[in-house]
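Quick notes on the structure that follows.
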Amino acid sequence: MHFSSLLSENPLVLAPLAGYTDLAFRLLCREAGAGICVTEMISCHGLVHGQKNTLVLLNSTPADRPLGVQLFGAEPEAMARAVALIEPGQADCIDINMGCPVRKVTRKGAGSALMKTPELAGEIIRAVVKQAAMPVTVKFRSGWTQDAITAPDFARMAEQAGAAAVTVHGRTWSQGFSGTADWKVIRKVKEAVSIPVIGNGDVLSYEDSLAMRRETGCDGVMIGRGALGNPWVFSPAGRPASLSARMPMLRRHLELAREFLPAEKMLFRIKNHLARYLTGLPGASRIRQQIMASKDLDDLYLFIEGLT
Ligand SMILES: Cc1cc2nc3c(=O)[nH]c(=O)nc-3n(C[C@H](O)[C@H](O)[C@H](O)COP(=O)(O)O)c2cc1C
């Protein structure tokens, strides 16, 4: 299917979030109304070398569609070799990470460092497009610093290099995750290219997603932190106000985690997710402490089952 048809069917996209957007969470967000979901970022080198910890990030099921597999790396050849390992049935698009500000990634020239080397970024996109059996999308930031808002030029470059769509996070590299996302840059990118544009940054509710579409004209809205402990963000009704009304989602999350995640390794991750469902509730800190104190999944399951 054409990438733009995926977005017109459902414009709400679950962002790649390292440490969070595993198979269980993606399935949950789909049940709650998300369209395209994206894996955590995957190292091209890890994939090429068949590293176990990397391969696990590709775990998926037929219900986990449409799926974007996100890759990061700074060498066109390695990126192309990694993409060649992804079968057409495994993903609906390959997303290239050109926005990650974490030093571990940028010091090797990958992630948002590629916004400083647009020629290399173009080579990477062309190499991946040539090799990929599916559409290729590119995710980047508004620019490097407030004085270098390069996203519109960068988007034009990505379009010329063969990208099927771009995602723009309205923060600069130097902002990291602080301050607010500038949605005006998303509008400028939309005006600069003719491929679909997915807007990203600070969408915390379904209403925010409508506002972003209205204000920027973007074709899709990507939601990251706003979905944590809150998969209801993908539906108009939003997050329920009481613990009892939130419980079915919490239980379903735990059920999917038990079914699809490598059990004990994931205990901390699951606890971290579950604790986030309690935001704004009376007695939240006591329940959160008990979640964190659970010794294993069975212990956690018993505690969650016992909550009203
Ligand atoms: C914990 C965490 C992990 C993230 N991991 C990734 C990642 O793997 N790949 C990526 O492109 N962006 C990653 N991001 C950035 C998000 O995808 C998104 O662009 C950013 O959080 C802004 O959107 P939001 O305001 O909806 O959260 C991460 C952000 C956070 C907070």
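All values reported here derive from a predicted model rather than from experimental measurement. Numbering of ligands and ligand atoms starts at 1, following listing order.
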Looking only at distances, please establish whether an N/O atom of ligand 1 is found under 3.5 Å from an N/O atom of Arg225. yes
Quick one: does Ala18 get an N or O within less than 3.5 Å of an N or O on ligand 1? yes
Return yes if a side-chain donor-acceptor contact under 3.5 Å exists between Ser43 and His45, otherwise no. no
So the atoms of ligand 1 within less than 4.0 Å of a heavy atom of Lys139 turn out to be 10 (C), 11 (O), 12 (N), 15 (C), 16 (C), 17 (O), 18 (C), 19 (O)
Select one of side chain, backbone, both or neither to describe which atoms of Tyr20 lie under 4.0 Å from any atom of ligand 1, heavy atoms only. side chain
Quick one, Met222 and Pro16 - any side-chain contact, counting heavy atoms below 4.5 Å? yes
Work out whether the distance between some heavy atom of Gly201 and some atom of ligand 1 is less than 4.0 Å. yes
Parallel, tilted or perpendicular, judged at 30° and 60°: which one describes the rings of His253 and His273? tilted
Does NZ or CZ of Arg251 come closer than 6.0 Å to the centre of the six-membered ring of Tyr277, within 45° of the ring's axis? no
Measure the distance from atom 26 (O) of ligand 1 to every protein heavy atom, then report the residue, atom name and distance (to 0.1 Å) of the closest one. Gly224 N, 2.9 Å
So do Glu40 and Phe25 actually touch side chain to side chain, heavy atoms under 4.5 Å? no
Geometric N/O contact Glu40 with ligand 1, under 3.5 angstrom: no
Just checking, Arg171 and Phe177: is the charged tip under 6.0 Å from the six-membered ring centre and within 45° of the axis? no
Could you tell me if the side chain of Trp183 sits less than 4.5 Å from the side chain of Cys218, heavy atoms only? no
What do we get for Asn97 next to ligand 1 when only non-hydrogen atoms under 4.0 Å count, side chain, backbone, both or neither? side chain
Distance in Å, Phe140 CZ paired with Ser112 OG, rounded so as to fall on 0.5 Å steps: 12.5 Å
Atoms in ligand 1 with a heavy atom of Pro16 nearer than 4.0 Å: 4 (C), 5 (N), 6 (C), 7 (C), 9 (N), 10 (C), 11 (O), 12 (N), 13 (C), 14 (N), 16 (C), 17 (O), 28 (C)
Quick one: does Val69's side chain get under 4.5 Å of Gln90's, heavy atoms only? no
Atoms of ligand 1, numbered as shown, that sit under 4.0 Å from any heavy atom of Ala15: 17 (O)
Considering heavy atoms of the protein only, find what lies nearest to atom 23 (O) of ligand 1 and give residue, atom and distance to 0.1 Å. Asn200 ND2, 2.9 Å
Heavy-atom proximity to atom 22 (C) of ligand 1 ranks first, among His169, Gln70, Arg141, for His169
Pick one of side chain, backbone, both or neither for how Leu17 approaches ligand 1, counting any non-hydrogen atom pair under 4.0 Å. both
What I want to know is whether Met41 and ligand 1 share at least one N or O pair that is separated by under 3.5 angstrom. yes
